[in-house]
A.B. asks: 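Can you keep this structure in mind? I'll have questions shortly.
Given the structure is predicted, the values throughout are model-derived calculations rather than measurements.
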Amino acid sequence: MIKKCALVGNQNSGKTLLFNVLTGLNQKVGNWPGVTVERKDGIVKGTNILITDLPGIYSLSPYTSEEEISRKFIVEERPDLIINIIDSTSLERALYLTTQLMELGTKVLVVLNMEDILTKKGYHIDIKDLEKRLGTKCVSISALKKTGIKELINVIKNADSLIPEAKSNYIFPNDVESVIKDVKNELDENVFEKRFAAIKIIERDERYYNKYYKEKFEKEIIALENLNKMDSEQLIASLRYDYIVDIRDHVVTKKATNTSSITTKLDKVLLNKWAAIPIFLVIIVLIYLLSVGLVGGATVGIIDMLFNGGDTIEFPMPWGSFEVSLGNGISGLGPWLAEVITNAGGSEWAASLVADGAIAGVGAVLNFVPQIMILFLLLSLLETSGYMARVTFLFDKLFKKLGMSGQSLIPFIVGTGCSVPAIMGTRTIEDKEEHQMTVTLTPFMPCSAKLPIISCFVGGIFGANWGITALMYILAIAVIILSGYLLNKFFVKKHSTSYITELPDYHAPSGSYIARDVFDKTAAFIKRAGTIIFLCSVVIWVLLNVNYQFQYTTNVEESLLADIGRSISFIFAPMLGMNFSWGASVSAVQGLVAKELVVSSMEVITAVGEGGDVFAGNGMFSFFNGFSAMGYMIFTLFSAPCFGAIGAMKRELNNSHDFWRAILFQTGLAFVLASLVGIWGVFI
């Protein structure tokens, strides 16, 4: 009886969407043991069958850590069933993985996704003929339209009848099969995937091709190579593709059509030689205008009042600011709790801790939740529609000159949400030097944690000129290009690489998938505000209210935090126009823990100081002018990332020398650029 199964497929095959459809909300998310790659487990609806969503892969060679994870899971966990989801519009590419899965000694169910898109293209796949040629059950579905799902679940329930290894032994000719048979007979009895292991030995895969097998079969493998005039790994791959092409030619038919597909029409515009990059830049500007400008301008003041109270709400909009008076105003959560504590006999410092420390710090970050939700929504729409995959090719030619490829752009795009999964996503890059460069450059992208910094300064310093927001995103791309050039020329000298993949068709995004994606990312942001931001805001408040002798003080200029800030303020003076600010200094250092803390730290200093610090009295921005604000933003955005991202970098680089070089490069470059802007302002 089937108890557990694995969901395996290529990237962009709709695997995650199918997993969500099969499991509904009954999911459990964790990490693979020993590897910081997210895993998802769930129960197939209407059954007791556990399904595990494996990383998106193209083969079981394995060349990347994702392929290693998938192979290891199948071999060691031994699922009762492998559900192999494939993009039916790219049958030739997808079946390569299928032929390997059929060699693992596990029952395989082939699920052909995107049948609706296949039909629109005018193609038809003979499912019965495909089943006959593969020797296993095939089901045609559309995970997006949720068609064929009931049949699929029913097949999963009754998967006991499927035959392990299917017809994988029909792929290779007799001379190869003879060697496979000889190797299989010599394998230990505890080897689970005998046919797969035998083929890997013939391919000289180092994970299987040990000294014993080398001595025993080397002559036979060399003879096979001489007979076919190519090395054994190329031979196996070539024979697989011959088998796949034969299947494709027999099972796929095309109906006559004279109409050009929507994808073709859109690509003529969006991938136009001259218009593609300008269109991309316009899209980015519109995303930030909508998320930070319109939504931010309409919501930040409202949420801030809910936390901190007031009688006037300012709405900084792209076309100008306006204020709305609320008469007597509202108390706000912080002042209200402070009053409750005082009326209950609590001390003044306890009320201040709650209102000026915890509530002010956390509220300063939560003000930007609506903006972040809109940003995640728009980026998810672009990603699921198929456009973002094309963006990688827009920059591929440029990235080649920097020793990278368009594949490196994928982590950069993911990094607009959070740098941690973006850095983890670099492990799909096989080339070592390119992987190292991408890990170093990915944190330069403005993630959701940096958005509050940008929004706060744009609204407070630049008069709601929301073009500055888009400019910071474009500046990030420029910094990545500059950094890539410097790394490639002086540190990680690298030849150009190629990025080859198949572009998915444009399609209408799944509303439920996008909603869940936005909810998960927003919830993670709020969780940080309720944990790390809360804790650090309280710590900042404590340091603001005690002196170096740990005695309570109401003068922030005599506080321990002020002493700490003054001792390091000389470091940040150049980017601040050769001015010294202990408040700006400690807030910038806080950004190493979590970038949102730059804003929350400044807010707490403002709330507690009441005129003592440059942020307080006249507001946290009274110290800055346009140049010092821009310099300060550049440093906080492009210096070493938060602790979470730093930890991810350390794991991915797996080398202390490379890790510290990356951290020093990021921080050093940010300091130089920020200082140039700040000092420039002195002479203007």
Side-chain angles (χ1 to χ4, degrees), residues 5-29 37-47 49-58 66 70 81-91 93-94 97-98 109-121 138-153 155-156 263 376-390 410 413-414 417 421 425 428 501-523:
C5 57
L7 182 59
V8 186
N10 297 165
Q11 297 174 14
N12 298 316
S13 62
K15 181 174 59 64
T16 300
L17 180 58
L18 176 60
F19 176 79
N20 291 336
V21 171
L22 288 176
T23 61
L25 298 176
N26 190 15
Q27 302 177 22
K28 181 180 179 182
V29 179
V37 174
E38 186 180 90
R39 67 177 287 173
K40 291 184 179 179
D41 295 320
I43 302 296
V44 178
K45 289 187 291 188
T47 74
I49 299 174
L50 176 69
I51 182 171
T52 299
D53 183 14
L54 296 178
I57 57 174
Y58 289 98
E66 276 77 8
S70 295
L81 173 68
I82 296 174
I83 301 176
N84 175 213
I85 180 172
I86 65 177
D87 179 356
S88 58
T89 66
S90 303
L91 198 65
R93 179 190 67 184
L97 175 62
T98 305
L109 168 61
V110 177
V111 178
L112 291 90
N113 191 26
M114 306 182 192
E115 64 175 3
D116 53 326
I117 298 176
L118 186 77
T119 302
K120 286 181 181 179
K121 284 187 168 185
C138 300
V139 180
S140 181
I141 69 161
S142 170
L144 181 63
K145 303 291 185 181
K146 297 184 180 179
T147 58
I149 301 301
K150 289 184 178 179
E151 179 190 356
L152 173 59
I153 292 177
V155 172
I156 294 173
T263 294
F376 286 153
L377 172 64
L378 296 176
L379 291 175
S380 186
L381 283 170
L382 291 180
E383 182 181 354
T384 56
S385 67
Y387 176 70
M388 279 303 192
R390 285 155 172 81
I410 297 173
I413 294 171
V414 175
T428 60
T501 189
E502 187 169 335
L503 294 177
D505 287 332
Y506 292 104
H507 56 271
S510 166
S512 59
Y513 173 81
I514 289 177
R516 182 171 298 167
D517 185 50
V518 172
F519 175 82
D520 289 344
K521 290 177 179 177
T522 305

A.B. asks: By side chain to side chain contact (heavy atoms under 4.5 Å, CB included), which residues pair with Ile153, not counting sequence neighbours?
C.D. replies: Leu22, Val44, Thr47, Ile149, Lys157
A.B. asks: Between the side chain of Ser13 and the main-chain N/O of Gly9, is any donor-acceptor distance below 3.5 Å?
C.D. replies: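 It does not hold such a pair.
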A.B. asks: Taking the side chain as everything from C-beta on, heavy atoms only, tell me whether Thr522 gets closer than 4.5 Å to Phe376.
C.D. replies: yes
A.B. asks: Can you sort out the partners of Thr147 under side-chain hydrogen bond (donor to acceptor under 3.5 Å, both in side chains), two or more places apart, ordered by chain and number?
C.D. replies: Glu115
A.B. asks: Got Thr384 and Ile514 here, is their nearest side-chain heavy-atom distance under 4.5 Å?
C.D. replies: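 Yes, their side chains come closer than 4.5 Å.
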A.B. asks: Heavy atoms, side chains only, cut-off 4.5 Å: are Leu50 and Ile43 in contact?
C.D. replies: yes
A.B. asks: Determine yes or no for a side-chain-to-main-chain donor-acceptor pair under 3.5 angstrom, with Asn10 supplying the side chain and Ile57 the backbone.
C.D. replies: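 The answer is yes, because a donor-acceptor pair under 3.5 Å joins these two groups.
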A.B. asks: Within this structure, what is the CG-CD1 distance for the pair Leu144 and Ile117, rounded to the nearest 0.5 Å?
C.D. replies: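 Spacing of CG (Leu144) from CD1 (Ile117) equals 7.0 Å.
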A.B. asks: Can you name the nearest heavy-atom pair linking Ile85 to Leu7, along with the distance?
C.D. replies: CG2-CD1, 4.1 Å
A.B. asks: Partners of Ser385 by side chain to side chain contact (heavy atoms under 4.5 Å, CB included), sequence neighbours excluded?
C.D. replies: Tyr387, Pro509
A.B. asks: Taking only residues two or more places apart in sequence, or in another chain, which ones meet Ser380 in a side-chain hydrogen bond (donor to acceptor under 3.5 Å, both in side chains)?
C.D. replies: Asp517
A.B. asks: Is it the case that the side chain of Ser90 and the backbone of Arg93 share a donor-acceptor pair, with hydrogens and angles ignored and the cut-off at 3.5 Å?
C.D. replies: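 No, because the side chain of Ser90 does not come within donor-acceptor range (under 3.5 Å) of the backbone of Arg93.
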A.B. asks: Would you say Leu112 and Cys138 make side-chain contact, with heavy atoms under 4.5 Å?
C.D. replies: yes
A.B. asks: May I ask you to test the Val8-Ile83 pair for a side-chain heavy-atom distance under 4.5 Å?
C.D. replies: no
A.B. asks: Closest approach of Asp53 and Phe19, non-hydrogen atoms and distance?
C.D. replies: CB-CD1, 3.8 Å
A.B. asks: State, yes or no, whether a side-chain contact exists between Leu109 and Val139 at a heavy-atom distance under 4.5 Å.
C.D. replies: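 SC-SC contact between Leu109 and Val139 confirmed.
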A.B. asks: Find the distance between CE (Met114) and CG (Asp87) and round it off to the nearest 0.5 Å.
C.D. replies: 4.0 Å
A.B. asks: List in chain and number order the residues that pass side-chain hydrogen bond (donor to acceptor under 3.5 Å, both in side chains) with Asn84, two or more places apart in sequence or in another chain; answer none if no residue qualifies.
C.D. replies: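 Here the qualifying residues are Thr98.
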A.B. asks: Output all residues satisfying side chain to side chain contact (heavy atoms under 4.5 Å, CB included) with Ala143, sequence neighbours left out; order by chain, then residue number.
C.D. replies: Leu17, Leu18, Asn113, Ile141
A.B. asks: Under the side-chain hydrogen bond (donor to acceptor under 3.5 Å, both in side chains) rule, collect the residues that match up with Ser88, sequence neighbours excluded.
C.D. replies: none
A.B. asks: Can you tell me how far apart CG (Leu97) and CD1 (Ile82) are? Round to the nearest 0.5 Å.
C.D. replies: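 If I round to the nearest 0.5 Å, the distance is 9.0 Å.
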A.B. asks: Do you see a donor-acceptor pair shorter than 3.5 Å between the side chains of Thr52 and Asp41?
C.D. replies: yes
A.B. asks: Between Lys45 (side chain) and Val21 (backbone), is there a donor-acceptor pair under 3.5 Å?
C.D. replies: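 At least one qualifying donor-acceptor pair exists.
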A.B. asks: Please give me the minimum heavy-atom distance between Thr16 and Lys40, naming the atom from each residue.
C.D. replies: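 Thr16 and Lys40 have their closest heavy atoms at CG2-NZ, 4.2 Å.
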